[in-house]
There are 2 protein chains.
Amino acid sequence: MDVPCCLPLAERRVPAEAAAVLAPAFKALGDPVRLQLLSMIASAESGEICVCDLTPAFDLTGPTISHHLRTLREAGLVDAERRGTWVYYRARPGILRQLAALLTVAPAT
Amino acid sequence: MDVPCCLPLAERRVPAEAAAVLAPAFKALGDPVRLQLLSMIASAESGEICVCDLTPAFDLTGPTISHHLRTLREAGLVDAERRGTWVYYRARPGILRQLAALLTVAPAT
DNA sequence: GGACTGTCTCGACGTCCATCGAATCAGACG
DNA sequence: CGTCTGATTCGATGGACGTCGAGACAGTCC
């Protein structure tokens with residue numbers, strides 16, 4: 001997913017087309033489990049982390065974790081790669097930076 | 001809503017309690033209409049904007065806009081103040097900054 | 001090939017959400 | 001006080017979402 005706009009939200013009005021593209025990314029972050037998943041992925045030492053290390057960190061079934069990972073994938077927030085038996089996830093820093101830039105506001109006066 | 005945590009997502013794993021508090025704010029941003037509403041509010045010249053200026057910008061009924069504004073309010077992203085006949089909304093920069101900080105990642109190597 | 005493990009897909013279920021029309025509330029103005 | 005306008009709340013409805021169990025798929029190891 002390419003993010004077409006990245007001017008801060010408070011600088012000028014976000015156009016409808018940009019909002020339609022950006023909102024799904026925020027929506028994907030709008031679940032506590034996905035927020036933790038993304039954090040675990042983004043903060044992984046080696047830059048990637050195995051699903052087998054993600055799943056046991058929650059009181060949820062495998063399919064549910066898989067569903068949340070798919071949501072993060074479809075939102076363009078993470079990438080997945082299968083290597084042998086295991087699947088590894090890594091964060092996509094570009095879109096994270098753009099979302100952060102969008103929310104950036106001028107420092108308090 | 002006080003946000004208890006603001007270390008970047010990629011620095012260390014977001015604890016479950018923090019995720020439970022943060023996720024609703026992102027969820028509120030996860031709708032194109034609300035994203036545009038917040039942008040219109042945050043980018044208002046005078047720092048605030050009247051509902052009467054917000055509603056006609058969308059192909060939605062008054063109650064629907066009101067519902068979205070309530071969602072933004074309950075997420076702690078905006079404040080509302082009634083002055084006479086009209087209600088004015090303004091952004092809460094603090095929480096926006098914290099959300100931006102959470103998403104901040106190190107610059108590309 | 002066959003069995004086993006890790007991951008994902010599918011179908012189902014209950015809940016939450018975006019939207020609307022109708023009704024209600026809050027101020028302003030005769 | 002009565003009416004008018006702006007904004008919100010209420011109730012209903014159709015669709016989306018989070019979760020699960022069962023089953024399917026991918027790779028490994030014997």
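Here the structure is a predicted model, which is why all the values come from computation and not from measurement. A, B, ... follow the sequence lines: proteins, then strands. Residue 1 opens every chain.
Taking atom CD of A:E74 as the reference point, atom P of C:dT9 lies 9 Å away to the nearest angstrom. Distance B:D59 CG to C:dA18 P: 18 Å, rounded to the nearest Å. Remark: C1' of D:dG27 and CH2 of A:W86 are 10 Å apart, rounded to the nearest angstrom. As rounded to whole Å, 14 Å separates atom P of C:dA18 from atom CZ of B:F58. Taking atom CZ on B:R34 and atom P on C:dC17, their separation rounds to 9 Å, with Å as the unit. Rounded to an integer number of Å, the gap from CD1 of A:I49 to P of C:dG6 is 16 Å. Distance CG (A:D31) to C1' (C:dT15): 14 Å, rounded to an integer number of Å. For B:L60 and C:dC17, the CG to P distance is 18 Å, given to the nearest whole Å.
The residue B:R83 sits apart from the nucleic acid: no heavy atom pair falls under 4.0 Å. Within 4.0 Å of A:Y89, counting heavy atoms only, lie sugar-phosphate atoms of the nucleic acid but no base atom.
Taking the side chain of B:V51 as heavy atoms from C-beta on, and the options C:dC8, C:dG6, D:dA7, the nearest nucleotide is D:dA7. Which of D:dG27, D:dG6, D:dT8 sits closest to the side chain of A:T85 comes down to D:dG27. Of the candidate nucleotides D:dA7, D:dT8, C:dT7, D:dT8 has the atom lying nearest to any side-chain atom of B:R73.
Ion pairing between a basic and an acidic side chain is recognised when a charged N comes within 4.0 Å of a carboxylate O; A:D79 and A:R73 show no such pairing. Taking the charged nitrogens against the carboxylate oxygens, B:K27 and A:D31 have no contact shorter than 4.0 Å, which rules out a salt bridge.
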side-chain contact (heavy atoms from CB on, under 4.5 Å) evaluation trace for A:I41 with A:L77: CA-CA 10 Å; A:I41 295 168; A:L77 292 166; over 6 Å; no
message: With side chain to side chain donor-acceptor pair (under 3.5 Å) as the criterion, how do B:R82 and B:Y88 come out once you've worked through the C-alpha distance, each side chain's angles and the decisive distance to 0.1 Å?
response: CA-CA 6 Å; B:R82 165 158 235 138; B:Y88 296 87; over 6 Å; no
task: Verify side-chain contact (heavy atoms from CB on, under 4.5 Å) between B:Y89 and B:M40, making sure each step is shown before the conclusion.
output: CA-CA 10 Å; B:Y89 277 77; B:M40 291 177 73; over 6 Å; no
task: Step by step, work out the side-chain contact (heavy atoms from CB on, under 4.5 Å) result for B:L38 and B:L96.
output: CA-CA 10 Å; B:L38 178 60; B:L96 286 178; 4.0 Å; yes
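Side-chain nitrogen and oxygen atoms of A:R82 include none within less than 4.0 Å of the OP1 or OP2 phosphate oxygen of C:dG6. When the side-chain nitrogen and oxygen atoms of B:K27 are compared with OP1 and OP2 of C:dC17, one or more of them lie within a distance under 4.0 Å.
Near-neighbour residues of DNA chain D inside residues 64-71 of chain B, defined by a heavy atom below 4.0 Å, number-ordered: B:S66, B:R70.
Place B:V87 and A:V33 on DNA chain D by their nearest nucleotides, and B:V87 ends up nearer the 5' end. Mapping B:G84 and A:P63 onto DNA chain C via the closest heavy atom, the residue that lands nearer the 5' end is A:P63.
The distance from atom OG of A:S66 to atom CG of A:L60, rounded to the nearest 0.5 Å, is 12.0 Å.
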